[in-house]
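The structure appears below as structure tokens.
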Amino acid sequence: RGEVRIDFPVEERFCTADGTASAGLMTAFCDTLMGFSGRTCGYRITTLEINMNYVRHARVGEVLHGMGTVVNIGEDTLLTEAVIRDDEGRLVVKSRASFYILEKPEKQ
């Protein structure tokens with residue numbers, strides 16, 4: 001609950017001409033990680049804003065290991081983080097996003 005892990009292989013079709021994963025791909029991967037982390041708590045949400053910090057390039061053939069985590073649940077928003085690492089555990093991207101809560105989970 002509140003956390004999701006996904007691995008993602010970097011393929012040539014997702015890369016720029018020099019063989020590095022595109023920034024758009026990395027942003028979409030982070031958005032997915034963070035959005036799914038909110039859904040594990042039962043919320044239906046939509047992205048309000050996203051902040052990306054690119055630390056190193058990912059290249060064709062690498063497998064990226066992503067983790068999305070819910071940091072805080074407010075009345076109307078969720079705050080989340082994503083971390084993407086390579087096979088050697090090196091930080092590739094760190095991201096934060098806030099999501100607007102469209103629907104809250106039913107109380108049990």
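The model shown is predicted, which means the values in this text are computed figures rather than measured ones.
Taking 4.5 Å as the limit, some side-chain heavy atom of Leu33 sits within range of a side-chain heavy atom of Ile84. Under the 4.5 Å side-chain criterion, counting only non-hydrogen atoms from C-beta, Thr69 is not in contact with Thr80. Under the 4.5 Å side-chain criterion, counting only non-hydrogen atoms from C-beta, Leu64 is in contact with Val10. Looking only at side-chain heavy atoms (C-beta outward), Tyr100 and Thr47 stay at 4.5 Å or farther from each other. In this structure, the side chains of Leu48 and Phe99 stay at 4.5 Å or more apart for every pair of heavy atoms. Thr32 is not listed as a side-chain neighbour of Met34, based on a closest heavy-atom distance of 4.5 Å or more. The shortest distance between side-chain heavy atoms of Leu91 and Val83 falls below 4.5 Å. Side-chain contact between Val4 and Met67 is absent, with no heavy atoms from C-beta onward closer than 4.5 Å.
Under a hydrophobic clustering in which Ile, Leu, Val, Met, Phe, Trp and Tyr are joined whenever their side-chain heavy atoms come within less than 4.5 Å, directly or via other members, Val70 and Ile6 fall into the same cluster. In the hydrophobic clustering of ILVMFWY residues, with side-chain heavy atoms under 4.5 Å counting as a link, Val92 and Met52 come out together. Linking Ile, Leu, Val, Met, Phe, Trp and Tyr whenever their side-chain heavy atoms come within less than 4.5 Å leaves Leu79 and Ile101 in two separate clusters.
The number of heavy atoms from other shown groups lying within 6.0 Å of CZ (Arg39) does not exceed 12. Annotation: Glu49, atom CD; neighbour count of heavy atoms from other residues, nucleotides and ligands within 6.0 Å is above 12.
Within the model, atoms SG of Cys30 and CZ of Arg96 stand 13.0 Å from one another, a figure rounded to the nearest 0.5 Å. To the nearest 0.5 Å, atoms NZ (Lys94) and CZ (Arg85) are separated by 8.0 Å. To the nearest 0.5 Å, the span separating CZ on Arg13 from CG on Leu25 amounts to 10.0 Å.
Side-chain atoms of Thr77 never come within 3.5 Å of backbone atoms of Gly74 as a donor-acceptor pair (strictly under, hydrogens ignored). For Lys104 (side chain) and Gly42 (main-chain N/O), no donor-acceptor pair under 3.5 Å exists by modelled atom type. Judged by distance alone, the side chain of Ser95 and the main-chain N or O of Asn51 form a donor-acceptor pair under 3.5 Å.
Here Asp87 pairs with Val63, His65 under the side chain to side chain contact (heavy atoms under 4.5 Å, CB included) rule; sequence neighbours left out.
Here Arg5 pairs with Glu3 in a salt bridge; the nearest charged N to carboxylate O distance falls below 4.0 Å. A salt bridge links Glu62 and Arg56; the closest N-O separation between the charged side-chain nitrogens and carboxylate oxygens is under 4.0 Å.
In plain terms, the two heavy atoms of Gly35 and Ile45 that are nearest each other are O-CD1, 3.6 Å. Contact between Thr40 and Gly2 at its shortest, heavy atoms only, is OG1-N, 2.7 Å.
Sorted by first and then second residue, the side-chain hydrogen bond (donor to acceptor under 3.5 Å, both in side chains) pairs involving residues 20-30 (not counting sequence neighbours) are Thr16-Thr20, Asp18-Thr20, Thr27-Tyr54.
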Practice task
Assess whether side chain to side chain contact (heavy atoms under 4.5 Å, CB included) is satisfied between Phe29 and Val93, documenting all intermediate values.
Solution key: CA-CA 10 Å; Phe29 187 30; Val93 174; over 6 Å; no
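For Phe14 and Phe8, the ring centers sit closer than 6.0 Å to each other.
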